[in-house]
Structure formats: structure tokens, C-alpha cells
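Below is one structure, written out as C-alpha cells, with a few remarks after it.
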Number of protein chains: 2
Amino acid sequence: MTDSKSPRVRAASAKRERLMAAAARVVHQQGAERTTIADIAHAADVPVGNVYYYFKTKDDLVAAALTEHVRQLGLLTGQLDDLDDPRERLKGLVEAWASQREVAARYGCPTGTLAAELDKRTEGGLDVAAGKAIRVLLDWAERQFRELGLPDPGGLAETLVGAYQGMSLLANALREPDVMTRQCARLVGWLDSLSADGS
Amino acid sequence: MTDSKSPRVRAASAKRERLMAAAARVVHQQGAERTTIADIAHAADVPVGNVYYYFKTKDDLVAAALTEHVRQLGLLTGQLDDLDDPRERLKGLVEAWASQREVAARYGCPTGTLAAELDKRTEGGLDVAAGKAIRVLLDWAERQFRELGLPDPGGLAETLVGAYQGMSLLANALREPDVMTRQCARLVGWLDSLSADGS
DNA sequence: GTCTATAATCCGATAGAC
DNA sequence: GTCTATCGGATTATAGAC
């Protein structure tokens, strides 16, 4: 039923999606402020002036980049949801972080660095959008901890996600991927040590 | 011997120091990219064009902001060094973080947010300067853990500082100072639980 | 040393031809 | 729908008067 190649609809959408993907990639690498419309247009192989047909403002493009990152996070957690044990899901998440250590050391966590940047603004509402993006991960993690019957699942989720954001920032600032390896190993040990009677 | 008010030398330095302090404050609040020379000049009550007499480029001002934050961190750790027990020094650091929760929730960790922003650049060497700033804190913490005779003091320091960076980012993204309170309490508990025979 | 005026550049956004 | 040309505003940096 959903025609995936109707020329009129898909020609436009294809370009739009290319722009979204390029925005996510380039904004992650260069930061939102230092990225120009021209940078994104070039990366997406779209003429500069044409961008405004798909996105009214630069902020719309940044918001699209945020959405794209949330979407990719959804794909990951969706796969992890197939695992039976919540603890294995959480460990799978940590392993996924460890496997991305090179990217994290170079550019930081996509969502985290973007959130940090957007939180410097008050106008436009991009700052609250960044908060919502972070909360998606936080809520997913909290659900796993709750399913494990652990006390204060919300606090545990904050610790886990915070640890990830922190190690990504350190790895990035020091340009040392090994920080990710070491700290992810610690996190796995921590997850294994948690038992229902308190830690 | 060090004349603190020789007019020729100090008149210049006074303005320079005002610009440094203003740069540290405004850059923390607005971010480096969104802060203009005019913003800093206005905050320091210095005519805009005059800034260039003290700092050749904007990057020089950003570097000065970084130095200022490192200096203030040095003041804090210097006070903590007076405590006898290394564990108490570390707990004192965590308590200092908790006391700054409102600022952290609004603008993030001064050093961390700046490092995340500057790591997006390759030219100018500001990115490695940010790394060095982070390392100052890391090294101080590692010294305390080593003095406690704990295994892998470097890894423990990464965990501690990473936890701080992470909770600051979360508190900032969610605009919730309570994240700082909760996670700092967890950190204190963690510090108390560490014993020399492994954790 | 201090400050003003302005040059030079860059970038987001629009108008309008095709 | 697609693209070019360009406007207008903002910002870094400099030239030069005082």
C-alpha cells in the first residue's frame, strides 16, 4: 500500500532524507554552531539555496538532526528489546557504546554533545527538544532496571546514562578511545553486581 | 617586592583580568561560539574595540576563559589539600559539585561544556588546551585514589570525573538540579565503599 | 594606552527565473 | 520542484585619531 517510489512524493522525500542524514552526520562532527547550511547541503549533494525548500530555517535542520539521532537510538534499543533478560539488554547497550569508542573519542556522544550545545539557547525551544532526546534513553534504561526489581530504577538509569555521557566527554577531550573501553568494562561489572536486595 | 599597583603595569592588567573573568562567565553561560567579543567587552565594561589591545583574537579570549576556570579549580583543590584524609578530600570535591547544582543545571560544568565545544575544532590548538584542563582534575583525583592505596587509581579517577561530567550534562539537558543531588549522594556512597582490597 | 569608526568577511535567508 | 543570485545583518578584526 505505501508506494515507495511514487516519483512526485519520493523524489522530494529522498532529498529531504539525504539532508537529514547529512545534517546528523555533519552536525555531530562540527557542532551545530560551526556547521553552515552550505556544509550540510554539500554533504547531501544538494544545491545550497534549495535547502530552504525542505527546511525553513537552520534550526529546523538542527532539529531534524536531533530526530535522526533519536531514530537511530530507537533502532538499537528495539534490537535489544528482543533479549529476554533486562540485565542482558543493559549490558548489550554498554557493549554497543564500547564498540563506538573511536567515534566517541573523536566527536563525543551524538546526542550528548548536541544537547550540551543546544542547552546554551533559550529561544526556539531546541533546548527542550534536546532534553527530550536524552530522556528517551533514560526512560528505556529505567524500564530495564525496574523490570529487574531494583530499588530506585530512575536513579540507576541516571547513573548509567550519566556514566556514558561522562566517559564520552572524557574520551573526546583526551582523544583516548581507551577511556571508553575501561569505563564500559567497569559499567558491565557494576551491572552484574546489582542485586534486588539493594547494591 | 611584587608591586601590586604600579599604574603602568596594573592599569593594563586590571582591565585584562576583568576581561578574563568576564570571558569565563559569559562563555560558560552562552557557549564559546555564540559569544561575541562585544558580549564579553560589555560584561567587562570595556569598549569593544579596545579588547584587541589585550587579546589579539577571539580564540585568545576563549583560551583565557579556559585558564580562568582551571585557576578556580586550583583554588578549590588547594583548599581540599588541607584535609588529612584523601577520601575526605574526594568527598569534599563531590560536595562542592553538589553545592553548585543550580549553576550546573542551568549551564553545565564550565570546563566540561567548554571542552565539548572546543573538541569540535582541529585548528588553533584550543581542543588540546581543553584536554589539558580536564586532565588537571583527573590527575588530582588520581593522586587521592593512589594515596588511598586503591588499585587502578587512574581508572577510578576517570569514573569519578566522568560521573561528574555526565551528571552535569544530564542535569543541564533536563534542567533538573536534583539530578546533581541524587548522583552526588551516590558518589559519596561509592567513595565510602571503596577499600584497599579491591571494591 | 584608550577608544571610535569602519573595513572585510561570512552566513542565513529571500526573491525570482526556470 | 529546482536552482542562482543576491540582500541584509552580524561579527571579527584593523586603521588610525586622541
Side-chain angles (χ1 to χ4, degrees), chain A residues 3-20 22-23 26-27 29-66 114 117-118 120-126, chain B residues 3-23 26-27 29-66 117-118 120-126:
Chain A
D3 186 354
S4 68
K5 55 181 180 181
S6 157
R8 247 213 311 268
V9 174
R10 271 295 156 189
S13 292
K15 261 189 186 176
R16 211 190 129 89
E17 278 164 23
R18 264 188 3 241
L19 282 168
M20 274 189 74
V26 178
V27 165
Q29 293 173 355
Q30 304 189 346
E33 303 295 343
R34 293 181 72 85
T35 297
T36 68
I37 303 269
D39 288 337
I40 296 171
H42 189 258
D45 204 30
V46 167
V48 186
N50 198 6
V51 172
Y52 286 90
Y53 179 76
Y54 299 99
F55 298 92
K56 273 193 258 295
T57 66
K58 182 185 175 180
D59 278 7
D60 283 359
L61 257 177
V62 174
L66 201 54
L114 193 47
E117 219 179 339
L118 297 180
K120 298 295 184 188
R121 318 193 186 181
T122 308
E123 2 76 51
L126 272 181
Chain B
D3 186 354
S4 68
K5 54 180 181 180
S6 157
R8 248 209 312 262
V9 175
R10 271 298 155 186
S13 291
K15 262 189 186 175
R16 211 190 127 90
E17 279 165 23
R18 248 162 51 216
L19 282 168
M20 275 190 73
V26 178
V27 165
Q29 293 173 353
Q30 304 191 342
E33 302 295 342
R34 293 180 72 85
T35 297
T36 68
I37 304 269
D39 288 337
I40 297 171
H42 189 258
D45 205 29
V46 168
V48 185
N50 198 6
V51 172
Y52 286 90
Y53 178 75
Y54 299 99
F55 298 92
K56 272 193 259 294
T57 65
K58 182 186 173 181
D59 278 7
D60 283 359
L61 256 177
V62 174
L66 202 53
E117 220 178 340
L118 298 180
K120 298 294 184 190
R121 318 193 186 183
T122 308
E123 2 76 52
L126 272 181

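Throughout, a chain's letter reflects where its sequence line sits, starting with A, and its residues are numbered from 1. Values below: all heavy atoms of this structure, side chains included; hydrogens, waters and symmetry mates excluded.
With rounding to whole Å, Y54(B) atom OH is found 11 Å from dC3(C) atom C1'. Rounded to whole Å, the distance from CZ on F55(A) to C1' on dG12(C) is 16 Å. Atom CZ in R18(B) sits about 14 Å away from atom C1' in dG1(C), given to the nearest Å. Taking atom OH on Y53(B) and atom C1' on dT2(C), their separation rounds to 9 Å, with Å as the unit. Per the geometry, CG belonging to N50(A) stands 6 Å off C1' belonging to dC3(D), to the nearest Å.
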Donor-acceptor contacts, no H, no angles, side chain residues 34-43 of chain A, under 3.5 Å, sequence neighbours left out:
residue : atom : partner : partner atom : Å
R34(A)  : NH1  : E33(B)  : OE2          : 3.2
T35(A)  : OG1  : G31(A)  : O            : 2.6
T36(A)  : OG1  : A38(A)  : N            : 3.4
T36(A)  : OG1  : D39(A)  : N            : 3.1
T36(A)  : OG1  : D39(A)  : OD2          : 3.3
D39(A)  : OD2  : T36(A)  : N            : 3.1

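For the atom pair Y54(B) OH and E17(B) CD, the distance stands at 11.0 Å (nearest 0.5 Å). A distance of 15.5 Å separates NZ in K120(B) from CG in L126(B), rounded to the nearest 0.5 Å. With rounding to the nearest 0.5 angstrom, the CG atom of L61(B) is 12.5 Å from the CG atom of L66(B). Atom CG of L19(B) and atom CG of N50(B) lie 8.0 Å apart (nearest 0.5 Å).
A heavy-atom distance below 4.5 Å is not found between the side chains of E117(A) and V62(A).
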With 3.5 Å as the limit, what N/O pairs link the protein to nucleotides 9-12 of chain D?
residue : atom : partner : partner atom : Å
dT12(D) : OP2  : I37(B)  : N            : 3.2

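Panel note: side chain K15(B), backbone A44(B); no donor-acceptor pair is recorded below 3.5 Å.
Each end of the helix from dG1(C)-dC18(D) to dC18(C)-dG1(D) yields a helix axis from five base pairs, and these two axes differ in direction by 10° (to the nearest 10 degrees).
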